[in-house]
Amino acid sequence: MSNRLNTFLNLQGQTNQSPYLIDVDKAEGVYIWDKSGKKYIDMIAGVAVNNIGHRHPKVIEAIQNQLDKHLHVMVYGEYIQDTQLDLAKSLASILPDNLNCSYIVNSGTEANEAAIKLAKRYTGRQEIISCKNSYHGSTHGSLSVTGNEEKQSSFKPLLPNIKFITFNDVDSLNLITEDSACVIIETIQGDAGLIKPTQEFISALRDKCTVTGTLSIFDEVQVGMGRTGKFFAFEHYNVIPDILTLGKALGGGMPIGAFISSTEIMHSLTHNPMLGHITTFGGHPINCTAANACINVLKEENWIIEAERKGQILEDILSKSDQVKEIRRAGLFLAVDLGSQKKVAQVVEKCLENGIIGFWFLSTPTAFRLSPPLSITEKEIREAGEVILKCI
Ligand code: PLP
């Protein structure tokens, strides 16, 4: 074993027993190169992070400009900083009126933790409603609302007072009552293997929240920022949450998360107790300026509009294989179901050998996922699609 591999496997904390082990040298646009010079088309984008591609020049420029001004200066929320103001304005410009106040944190899971706290604080209620087969992050609170017994069982006790509804089962919405502080839901379930809500379900959920005074939290950490063909997935369904959580692609490649609500709801974190959610590095200037550049790029380019067409091209190519049992897709986010865990492992491995990076789902062993940068060209998507088809 090389020294480098040994260090990775033994001195770096590991998360699974068979890591990908691509030894990264550099990344640009839709490509990643390893240390041997092998070039990969990145059809995962760091798991739905690099929506505008790797090292977008506008992100690099924004970071470089900010490096000359200041890095961290104070815990979140005390000083007025250009990069945070710009990002707050930028987010408000692409969101509905009731989602005008954003609180910038460090990750998707922190955004969900804080959103749940905000809902409890605002409503004065304790009960939380979540969905079976959901994924909301790996810290204790987010894990508590992650509807996956296998992921939870070794870490109990988790948060109490959580009830799980079934995604797309309108009857189960009866669990939402005047005792419920919030419902947290992925607008489109990602790690469950890409399950879209029915219009009936998501509208009924929204209505039920309104009637019972329960805050709806839509987790768009994975499906936000253009991935599904709209800036935000809820725009497909004509419903607006009370709180939105973002992460991943928001930072243009830098680590960030955000929870967003109306100013009225958000300001309940300022008292009783004051400092209702605090985070030292939330709103870090480098990450905020990168996020701001990322939003500007997504506004200027046609990539969000084209996500549906490009996704369809990929779906059409992969559908040619009789090994493919089903493709579930939202824009440029695909779950390719082969009906067998073994086949998925073989195909993902073959793809890697052939210079294509695909990836697993956390909870759906029979499918693999594709979520390339939205900046991928039609030529690149056809090229990648044909290689994946051959591997299948
Ligand atoms: N919510 C959803 C829907 C996610 O897919 C993820 C990560 O995959 C998270 C939350 C957690 O985000 P992070 O890994 O940044 O904590």
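For reference, positions follow the sequence shown, starting with 1. Order of listing sets the numbers, starting from 1, for every ligand and every atom in it.
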Consider every N or O of D219 and every N or O of ligand 1, then say whether any pair is closer than 3.5 Å.
yes

Over 12 foreign heavy atoms within 6.0 Å of CG, N238
no

Within 45° of the axis and under 6.0 Å from the centre of the six-membered ring of F164, does NZ or CZ of K132 qualify?
no

Under 6.0 Å from the CD atom of E150, do we count more than 12 heavy atoms belonging to anything else shown?
no

Report yes if the distance between the aromatic ring centroids of Y76 and Y103 is under 6.0 Å, otherwise no.
yes

The one among T245, V221, I256, L246 that brings a heavy atom closest to atom 9 (C) of ligand 1
V221

Heavy atom of the protein closest to atom 15 (O) of ligand 1 (residue, atom name, distance):
G108 N, 2.9 Å

Do L159 and I128 come within less than 4.5 Å of each other through their side chains, counting heavy atoms only?
yes

Ligand 1 versus V47: contacting region, heavy-atom distance under 4.0 Å:
neither

Of the protein's non-hydrogen atoms, which lies at the shortest distance from atom 7 (C) of ligand 1, and what is that distance?
K248 CE, 3.3 Å

Just to confirm my output: which protein heavy-atom neighbour is closest to atom 4 (C) of ligand 1, and how far is it?
Y135 CD2, 3.7 Å

Is it true that atom NZ of K390 has more than 12 heavy atoms of other residues, nucleotides or ligands lying nearer than 6.0 Å?
no

Among all protein non-hydrogen atoms, which one is nearest to atom 5 (O) of ligand 1, and what is the separation to 0.1 Å?
Q222 NE2, 3.3 Å

Where ligand 1 meets N112 - atom numbers and elements under 4.0 angstrom, heavy-atom basis:
1 (N), 10 (C)

I want to know if ligand 1 touches E186 in the polar sense, i.e. an N/O pair below 3.5 angstrom.
no

Judging by distance only, is a nitrogen or oxygen of G137 under 3.5 angstrom from one on ligand 1?
no

Classify the ring geometry of H284 against H72: parallel below 30°, tilted from 30° to 60°, perpendicular beyond 60°.
parallel

Give the ring-plane orientation class for H277 versus F259, where under 30° counts as parallel, over 60° as perpendicular and anything between as tilted.
perpendicular

Closest to atom 16 (O) of ligand 1 among protein heavy atoms sits T109 N, 2.9 Å

